[in-house]
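Accompanying notes for the structure given below.
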Amino acid sequence: MTVAFRMSSLYVPTLKEDPTEAELASHRLLLRAGMIRKAASGIYSFLPLGLRSIAKIERIVREEMDAIGSQEVLLPIVQPAELWTESGRWDLYGPELARLKDRHGREFCLGPTHEEIITALVRSDVRSYRELPLSFYQINMKFRDEIRPRFGLLRGREFIMKDAYSFHTSQESLQEHYDAQAGAYGRICERLGLEYRPVVAESGQIGGKVTTEFMALAEAGEAELVHCTCGFAANVEAAETTVVRIPSITEAVSMEKRATPGLKTIADLAGAFGVSEHDTVKTMAGKTPEGTLVFFCVPGDRELNAVKAAWAVEGVELLDETDFEKYGIPKGSLGPVNTLPGTLVVADVCLKDDVAWAVGANEDGFHLFGALPGRDFEVGQWADLVVAAPGDRCPECGAVLEGARGIEVSQVFQLGTRYSEAMGATFSDENGEEQPFVMGCYGVGVSRSLAAVIEQYNDDAGIQWPVSIAPLEVAILPLMADGEVFEVAESLWKALGEAGVETVIDDRDERAGVKFNDADLIGWPFQVVVGKKGLAEGIVELKVRGSGERATLPVSEAAQKIVSMVESERARFV
Ligand code: ATP
Ligand code: MG
């Protein structure tokens, strides 16, 4: 099929100025290159070039899903509330779920994800273990009324997702398909040209959930990661970690209460005590569902990880303002000494090496210096509690972890029987007994991936598309709108089109500078400049947008050379 466009008739409303609302490169460049337009906060229209790139991402995703035996379906965006009530998520989901009523007053929501719909579908049609396993995928719009939509396509409210769901008779069968999905997700990232890491997202410690996030590495990413040369990588929220701690207080001193009026931060406190922040211990309070107070102690320079806190003490939640009033404890001066009766003290394992602690005195305006576990207070439980950070030790090989930031482009997840049990979705096993389906779900952010690629592929002039998802592969830039220059350009354009290379000719009556700027802004991977001077020498000029390389090609060989360059570039992404 010939894909040959004329710039004069292609709808590409480029912008000369940076839009003020766009902080990130991908957001700015998608708008400036005329690929998307905002309709409302977090809601975008895709213009022809934007949609071409989206379609290419979708094609890659389809090929990889088909290759692992997942079958494409298309599920409704508008979903009946009853199914969400069955799964329990109608109440759990909160304001991110957009709810609406039809003319009869019946309640619906806009699908933020499709577990309920697909589980109901399989529940009604699949009876026997003989029909399993099954895996379905769709590529569809999702709606989530995000509290802070931002960064253009990176965090929209309406966005395109590929979501897949699988149904199995056993955990082993789920594991097999989960591994196949994870493999496909890695290949999708590679074919999009992304530098990425699969990361540990939540360990098996909560409810048997197994999950991996695929992170495109980018400074602009919202996720913080730690990774190691051994291949280990994790979201800091989920990473097990070993904090390297060299306490500077080395002798057991007697405990001393000091007035610390007006000291608000750990830094203030460390300064007042003449120690580093690292030597202080901060205490955060939580409560169990039964109402037991739990004090979590971590080094002053580290953050408590609420997920890990809940692993250590099941169901624990951190206190809010009214809880502090209710329990009558001073938020700014908590510590493990002289706690209310029944309080459980849980401390991060790295504090075991500390000889004496600098802690809050549980009294406003006072701290204790030299508090000693075992002598001045009891630690009820030692646990890994902190948010992992660069410099910590790798839980797998012990080497020093490095930090990075990432954009979550996709995630694979073992659901187990979470939905099938809640919704009564069962099959009959070999013995004729009803069993709940064992399920997995798998999501790729299609529109987010487009933006993630641009975050990794841009320079001051614009986008530098990997050829696999560039809206078009080659641009011909004739420096004159008529005469021999234009004729040569046009015949090259036709020849490339006929050879199956997606080509655009900039036939607009514009100055050379305008054409060059637009070409770099849009980021056509191969740009061919046809000018009078070159033609006098029998050559055209080729520029490779990504590397900035330039070459001169004899007019007679130009088409053939460009075709083979495009083909070898394409081959890097299959
Ligand atoms: P996040 O933590 O970034 O909010 P999530 O973990 O809630 O994302 P999932 O439910 O795992 O998202 O959805 C699967 C994929 O859909 C994500 O990996 C991401 O690529 C994409 N996605 C999720 N939310 C958005 C959004 N608001 N805008 C664009 N893409 C999104
Ligand atoms: Mg996710």
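Quick note: residue numbers are just sequence positions, from 1. These numbers come from a predicted model, not from an experiment. In each ligand, atom 1 is the first atom listed, and ligand 1 is the first ligand listed.
Atoms of ligand 1 lying under 4.0 Å from any heavy atom of Ser410, numbered from 1 in the order shown and given with element: 18 (O). Ligand-side atoms of ligand 1 in range of Leu153: 29 (C), range being under 4.0 angstrom from any heavy atom. Shown in contact with Met161 at under 4.0 Å from a heavy atom are these atoms of ligand 1, numbered in order with element: 13 (O), 14 (C), 16 (O). Annotation for ligand 1: atoms under 4.0 Å from non-hydrogen atoms of Leu154 are 28 (N), 29 (C).
Annotation: Tyr93 is in aromatic contact with Trp84 [ring centroid separation under 6.0 Å]. Under the 6.0 Å cut-off for aromatic ring centres, Phe214 and Tyr185 qualify, their centroids lying closer than that.
Here the protein heavy atom with the shortest distance to atom 28 (N) of ligand 1 is Gly156 N, 3.0 Å. Distance from atom 21 (C) of ligand 1 to its nearest protein heavy atom, with residue and atom name: Gly445 CA, 3.6 Å. The protein atom (non-hydrogen) at minimum distance from atom 11 (O) of ligand 1 is Gln411 OE1, 3.0 Å. Nearest to atom 19 (C) of ligand 1 among the protein's heavy atoms is Arg448 NH1, 3.5 Å. Atom 20 (O) of ligand 1 has Val409 O, 2.9 Å as its closest protein atom, hydrogens excluded (heavy atom only). Of all protein heavy atoms, the one closest to atom 3 (O) of ligand 1 is Arg155 NH2, 2.8 Å. For atom 18 (O) of ligand 1, the closest non-hydrogen atom of the protein is Glu408 OE2, 2.7 Å.
Among Phe427, Tyr129, Tyr165, the single residue meeting the ring-ring contact (aromatic ring centres under 6.0 Å, His included) criterion with Phe437 is Phe427. Paired with Asp348 under the rule side chain to side chain contact (heavy atoms under 4.5 Å, CB included), one option of Val386, Thr241, Asn305, Leu304 passes, and it is Val386.
Within the cation-pi definition used here (under 6.0 Å to the ring centroid, within 45° of the axis), Arg99 qualifies as a partner of Trp90.
Selection from Arg150, Arg144, Arg157 by nearest heavy atom to atom 12 (O) of ligand 1 gives Arg144. Within the set Phe413, Phe159, Phe151, Tyr442, the minimum heavy-atom distance to atom 22 (N) of ligand 1 is found for Phe159.
Heavy atoms of Glu146 found under 4.0 angstrom from ligand 1 belong exclusively to the side chain. At a heavy-atom cutoff of 4.0 Å, ligand 1 is contacted by no atom of Lys142, backbone or side chain.
In terms of heavy atoms, Val504 sits closest to Met7 at CG2-N, 3.8 Å. The two residues Arg123 and Arg127 come nearest to each other via the heavy atoms O-NH1, 3.6 Å.
The pair Glu58-Lys162 fails the salt-bridge criterion, with no side-chain N (NZ, NE, NH1 or NH2) lying under 4.0 Å from an Asp/Glu carboxylate O. Ion pairing between a basic and an acidic side chain is recognised when a charged N comes within 4.0 Å of a carboxylate O; Glu17 and Arg32 show no such pairing. Using a cutoff of 4.0 Å between basic side-chain nitrogens and carboxylate oxygens, Lys331 and Glu321 are scored as salt-bridged.
For the residue pair Glu213 and Asn235, a side-chain donor N or O sits within less than 3.5 Å of a side-chain acceptor on the partner.
Near the Mg ion (ligand 2), less than 2.8 Å away, sit the protein N, O or S atoms Glu408 OE2, Gln411 OE1.
From Lys308, atom NZ reaches atom CD of Glu237 across 10.5 Å, with rounding to the nearest 0.5 Å.
Counting only residues at least two apart or on different chains, the side chain to side chain donor-acceptor pair (under 3.5 Å) pairs with a member in residues 440-450 are Ser166-Tyr442.
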